[in-house]
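Heads up: the structure comes next, in structure tokens.
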Amino acid sequence: MSVIFLAKRLVHSVFVLLGLSIVIFLIARIVPGDPVRLAVGARAPQWVVDNMREHMHLNEPLHIQYGYWLRDALQGDFGISLVTRRGVAKDIREFLPATFELALYSLFISVTGALSFGIISARYKDRWADNVIRIFSYLGVVTPSFVFAIIFLLIFAFVLDWLPAIGRLSNGLTLPPRVTGMVTIDALLIGDFNVFWDAFKHIIMPALSLAMGSMAQEARITRASMADNLTKDYIASARALGVSESLVMRRFLLKPSLIPTVSILGLDFAAGMGNAFLVELIFNWPGLSRYGMNAMLSKDLNAISAVILTFGVVFVVVNICVDIVVGQLDPRIRLSTAKGD
């Protein structure tokens with residue numbers, strides 16, 4: 001992947017985030033309700049309201065207000081949350097790692113399941129295994145993640161009692177020293193395998209619930225891509241030369257067939273972080289997506305702006321990573337970007 005390609009993506013990303021910041025700012029200004037009154041409370045005297053309005057630059061023209069807001073945002077200052085009464089930046093640092101950890105485990109489950117089911121379905125196309133996987137895929141696509149969360153909670157927590165129901169860690173256990181904010185990773189870093197295993201059991205059901213829809217969709221995409229590539233001439237040539245079927249699947253078929261799957265995986269990972277609020281609510285998971293939903297219900301404009309901008313940055317970074325991976329999978333993309341196309 002050429003340096004020019006990455007430079008172009010970074011420049012495009014800057015403009016995307018700048019546009020997103022403008023949209024966020026305008027929405028925060030047109031939402032009904034006085035942000036000053038929301039900040040100081042309905043019983044605050046008028047002089048407090050006036051001082052706060054001047055402090056927030058709300059008496060300035062709109063473009064001046066945006067300049068101050070953007071300057072503070074670039075410095076990591078998003079104001080005070082009306083819900084937690086703390087700095088929004090501090091809240092994001094606290095809640096983002098939990099959602100990111102959940103999304104990582106969900107991504108691992110999606111990748112493992114989608115590739116396994118997609119390869120089996122393509123290899124045994126129109127046979128019973130393919131039909132079973134396709135039915136499973138349809139069910140996974142049309143069923144919301146919170147439905148899977150409730151089903152898994154009833155079966156594995158209440159009926160079978162195999163997994164803990166809520167939270168990130170059992171009562172009586174102490175969170176490991178914060179390094180990444182992800183409990184399983186931090187527990188491994190200090191060698192506390194008891195905490196790691198307990199945290200791992202807590203994350204299985206939320207991650208699996210979040211992964212089901214994307215795993216089903218990506219399995220269908222993998223199957224369709226592999227089934228299409230099976231008809232290509234280079235596959236027929238490899239088989240005519242006596243190459244074993246397993247080698248044809250691994251070396252000649254899988255790599256080019258992964259390009260659409262990787263593209264969707266990246267988008268699903270980023271989207272999963274923003275859409276995980278119902279799963280986080282069901283499992284009492286202290287993540288950023290749930291924090292953002294509470295902020296919306298409370299009209300906490302500072303928190304809403306910061307959460308949306310954070311997820312926007314995640315989308316941009318994930319898209320760049322997807323472009324790099326796709327370029328490694330398809331040499332034609334590397335050649336075209338090297339020429340500046």
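These figures come from a predicted structure and were not determined experimentally. Side chains are part of it too, since the values below use all heavy atoms of this structure and drop only hydrogens, waters and symmetry mates.
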Results of side-chain contact (heavy atoms from CB on, under 4.5 Å) for Val16 - residues two or more places apart only = Val316
Which ILVMFWY residues are connected to Phe15, directly or by a chain of links, through side-chain heavy atoms under 4.5 Å apart?
-> Val11
Which residues share a salt bridge (charged side-chain N to carboxylate O under 4.0 Å, His left out) with Arg220, sequence neighbours left out = none
Could you work out the complete set of other residues in the hydrophobic cluster of Val142, with links drawn between I, L, V, M, F, W and Y side chains under 4.5 Å apart?
-> none
Can you tell me if Ser289 and Thr99 form a side-chain donor-acceptor pair at under 3.5 Å?
-> no
Distance-only, no hydrogens or angles: does the Ser121 side chain make a donor-acceptor pair with backbone N or O of Gly118 under 3.5 Å?
-> no
About how many Å separate CG of Leu20 and OG of Ser13, when rounded to the nearest 0.5 Å?
-> 12.0 Å
Are the side chain of Ser214 and the backbone N or O of Ala211 linked by a donor-acceptor pair below 3.5 Å?
-> yes
Main-chain N/O of Ile221 paired with Ser225 side-chain donor or acceptor, under 3.5 Å = no
Could you tell me which residues satisfy side-chain contact (heavy atoms from CB on, under 4.5 Å) with Ile135, sequence neighbours excluded, listed by chain and number?
-> Leu139
Taken in chain and number order and not counting sequence neighbours, the residues that satisfy salt bridge (charged side-chain N to carboxylate O under 4.0 Å, His left out) with Asp72 are none
Can you tell me which residue pairs pass the ring-ring contact (aromatic ring centres under 6.0 Å, His included) test with a partner in residues 295-317, sequence neighbours excluded?
-> none
Looking at side-chain heavy atoms only, is the closest gap between Leu309 and Phe78 below 4.5 Å?
-> yes
Any side-chain donor paired with an acceptor under 3.5 Å for Arg290 and Asn284?
-> yes
Excluding sequence neighbours, so at least two apart, what forms side-chain hydrogen bond (donor to acceptor under 3.5 Å, both in side chains) with Gln65?
-> Arg29
Should side-chain heavy atoms under 4.5 Å link Ile, Leu, Val, Met, Phe, Trp and Tyr, which residues sit in the same cluster as Leu267?
-> none
Could I get the full list of side-chain contact (heavy atoms from CB on, under 4.5 Å) partners for Leu153, not counting sequence neighbours?
-> Ala157, Phe158, Ala165, Met205, Ile282, Phe283
Does Thr180 offer a backbone N or O that forms a donor-acceptor pair with the side chain of Asp186 under 3.5 Å?
-> yes
Assign the ring pair Phe156 / Phe152 to parallel, tilted or perpendicular, where the plane angle (0 to 90°) is split at 30° and 60°.
-> tilted
Under 3.5 Å, side chain of Asp228 to main-chain N/O of Ala224, donor-acceptor pair present?
-> no
If you link ILVMFWY side chains whenever their heavy atoms are less than 4.5 Å apart, which other residues fall into the same cluster as Leu169? By chain and number, please.
-> Leu173, Leu175, Val183, Val195
Check: Ala187 main-chain N/O paired with Asp192 side-chain donor or acceptor under 3.5 Å | no
Looking only at non-hydrogen atoms, find the nearest pair between Met296 and Ile304 and report the distance.
-> CA-CD1, 3.6 Å
Steps toward side-chain contact (heavy atoms from CB on, under 4.5 Å) verdict (Ile22, Leu26) | CA-CA 6 Å; Ile22 295 174; Leu26 292 177; 4.0 Å; yes
For the side chain of Asn131 and the backbone of Arg127, is there at least one donor-acceptor N/O pair under 3.5 Å apart?
-> yes
Just jot down the side-chain hydrogen bond (donor to acceptor under 3.5 Å, both in side chains) partners of Asp91, sequence neighbours excluded, or say none.
-> Thr84, Arg86, Tyr291
Would you call Asp130-Arg223 a salt bridge at under 4.0 Å N-O?
-> yes
Flag side-chain contact, heavy atom, 4.5 Å: Phe148 against Val279 = no
